[in-house]
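Single-structure report; data block below.
Letters go in sequence order (proteins before strands), and every chain restarts at 1. This one's a predicted model, so the numbers in the text were calculated from it and none came from an experiment.
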Amino acid sequence: MTDRNERWGDLLRRANRGEAEAYARFLGEAAPVIRTIVRGRSGSETGVEDIVQEVLLAVHAKRHTWRETDPVTPWLYAIARYKSADAVRSRGRGGAQVPLDDVAERLADDSGGDPTAARDLGRLLDEIDDRSARIVRAVGVEGESAGEVGARLGMSEGAVRVAYHRAMNRLRKLAGTEDMTEETKE
Amino acid sequence: MKTEELIAKLAAEPAPAPAASLERRAGLGVLAGGVVAIALFFAVLGLRPDLPAHMAEPVTLMKTVLPLGLAALLLPAVMHAARPGVPLGWTAWLAVAVPVAAVALFVWAFATAAPGERLTLFIGHSIPVCLPTIPVLAMPILAGLVYALRRGAPEHPRVCGALAGLAAGGLATTTYSLFCTEDSPLFYATWYSLAILVVAGLGAWAGKRYLRW
């Protein structure tokens with residue numbers, strides 16, 4: 001373990017000086033370890049690779065939170081734990097057991113029969129959280145790919161698709177409730 | 001996307017963007033919030049008359065020293081909580097001494113006060129000022145701190161937020177104590193503590209809301 005900490009610490013320090021090769025090696029060596037943690041924490045085989053990628057993205061986005069004098073493994077494991085717990089939680093809540101490819105196919109329909117097209121989309125977008133609103137704008141309105149948006153927001157492609165899908169469902173619900181309130185007003 | 005491709009993509013950008021360290025940002029956040037809180041303090045409350053004489057009294061001095069100590073001991077713990085895999089550290093455990101001292105002072109004041117005076121001292125005359133004012137003074141400090149902490153990555157956002165709330169509450173209470181004329185621990189050990197706990201609750205809420213990543 002100390003051995004690994006020294007090697008990874010060395011690689012990360014070099015990465016911080018801009019050595020892409022050292023950084024690639026660190027991420028490559030960390031990925032299988034992360035996979036083991038994720039598998040143990042999520043308790044199922046489905047979606048493991050998505051979570052592993054989430055963790056790698058988080059490691060990348062939060063790499064400044066590692067101090068060069070700290071051991072690497074507790075830091076890395078904590079990120080893997082946090083992201084696994086997060087993924088398990090949102091899976092339990094959203095029931096996102098649907099394979100991502102199915103969702104991707106349905107996304108085409110979503111943007112075609114946009115439930116919010118005829119309304120003030122901006123107003124509806126104000127009702128949902130910032131990140132979801134940005135994703136809907138980028139994917140649904142400006143037509144960017146989930147990968148591009150993900151790279152910008154520090155999310156995996158799969159996570160962007162799921163977030164987009166959920167946001168559209170929420171917007172549809174919001175549009176529905178607005179109908180109801182308008183009707184009751186009349 | 002395959003994991004190997006993702007790694008290759010990430011590795012194209014090895015060095016983190018140069019930016020002020022987490023501690024520095026948090027320091028600036030607390031400072032900015034503190035300036036607002038102090039401005040608010042002088043605009044609305046102001047120092048109590050004859051402050052130096054009162055500060056010479058050890059029991060009175062404690063109502064300023066204890067919350068300041070709480071903040072000083074917990075701010076490092078907040079920074080540790082904002083980094084993945086870093087233990088809170090010994091200062092967090094030492095901070096337990098603050099509530100212990102508050103309880104001890106309360107018991108001492110209870111024992112030494114005349115039985116007829118206890119309730120009067122406990123209730124005091126300024127609960128409706130003290131309880132809302134401390135959280136209000138803490139708000140800008142907590143906001144500055146939480147804003148800075150968003151760059152961190154707390155494994156337990158709620159705990160990190162609550163610790164930030166305790167620290168911000170401690171700083172706000174330190175300031176408020178320079179205005180407050182209630183000098184019995186029966187009053188301040190109770191109501192200051194309650195106000196600080198309110199801020200800790202706000203911090204926990206803010207942590208859950210703003211410190212997730």
Side-chain angles (χ1 to χ4, degrees), chain A residues 11-12 14-32 34-35 48-67 70-83 85-86 89 129 131 146-147 150-151 154 156-158, chain B residues 1-29 76-89 145-161 164 205-213:
Chain A
L11 289 174
L12 266 185
R14 278 160 56 198
N16 283 344
R17 313 274 174 285
E19 271 189 52
E21 205 181 306
Y23 192 40
R25 241 180 78 202
F26 165 71
L27 292 174
E29 286 184 25
I34 293 171
R35 197 169 292 122
V48 164
E49 212 49 33
D50 269 327
I51 305 175
V52 170
Q53 295 191 4
E54 286 278 349
V55 174
L56 285 169
L57 281 163
V59 164
H60 183 71
K62 296 293 183 182
R63 61 202 189 284
H64 59 268
T65 61
W66 176 71
R67 290 175 299 193
D70 281 349
V72 179
T73 46
W75 175 77
L76 182 72
Y77 298 169
I79 293 177
R81 279 198 303 268
Y82 178 83
K83 281 293 168 186
D86 214 34
R89 208 171 21 237
D129 64 289
R131 195 174 70 162
S156 76
E157 198 179 337
Chain B
M1 185 171 19
K2 280 205 163 138
T3 302
E4 295 76 44
E5 292 171 35
L6 177 70
I7 289 175
K9 232 176 175 175
L10 296 180
E13 212 190 306
S21 80
L22 207 52
E23 281 73 15
R24 221 188 131 102
R25 290 169 67 101
L28 286 174
V78 172
M79 301 322 297
H80 291 163
R83 291 181 191 275
V86 178
L88 289 183
L145 192 52
V146 167
Y147 180 76
L149 289 173
R150 283 173 62 90
R151 221 180 117 73
E155 190 184 349
H156 306 289
R158 227 183 298 203
V159 173
C160 185
W205 173 83
K208 187 170 182 279
R209 179 94 170 64
Y210 297 107
L211 297 181
R212 297 171 55 81
W213 45 286

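- Of the two parts of B/Ile7, the backbone and the side chain both hold a non-hydrogen atom closer than 4.5 Å to a non-hydrogen atom of chain A.
- In this structure, B/Trp213 contributes its side chain and B/Pro154 its backbone to a donor-acceptor pair below 3.5 Å.
- Side-chain N or O atoms of B/Arg83 include one that pairs as donor or acceptor with a backbone N or O of A/Thr65 at under 3.5 Å.
- If you measure heavy-atom distances from B/Lys9 to chain A, you find no contacts under 4.5 Å at all.
- Heavy atoms of A/Asp70 lying under 4.5 Å from chain B belong exclusively to its side chain.
- Using a 4.0 Å cut-off between charged nitrogen and carboxylate oxygen, A/Arg25 and A/Glu29 count as a salt-bridge pair.
- Evaluation of the salt bridge (Lys or Arg N to Asp or Glu O under 4.0 Å) rule for A/Arg35 yields A/Glu49 as partners, not counting sequence neighbours.
- The candidate with the highest count of non-hydrogen atom pairs below 4.5 Å against chain A, out of B/Gly152, B/Pro84, B/Gly85, is B/Pro84.
- Looking at every heavy atom in both residues, B/Val146 comes nearest to B/Ala206 through CG2-CB, 4.4 Å.
- Ranked by heavy-atom pairs shorter than 4.5 Å toward chain B, the options A/Lys83, A/Arg17, A/His60, A/Glu19 are led by A/His60.
- Using a 4.5 Å cut-off between heavy atoms, A/Ala31 touches chain B through its side chain atoms alone.
- Heavy-atom pairs under 4.5 Å with chain B were tallied for A/Ala24, A/Ala15, A/Ala30, A/Pro74; the largest tally goes to A/Ala15.
- Here the straight-line distance linking atom OH of B/Tyr210 with atom CG of B/Leu149 works out to 14.0 Å at 0.5 Å rounding.
- Looking at B/Pro87, neither its backbone nor its side chain comes within 4.5 Å of chain A, counting heavy atoms on both sides.
- Of the atoms belonging to A/Gln53, heavy atoms from both backbone and side chain fall under 4.5 Å from chain B.
- Every residue was checked against the side chain to side chain donor-acceptor pair (under 3.5 Å) condition with A/Arg63, not counting sequence neighbours, and none meets it.
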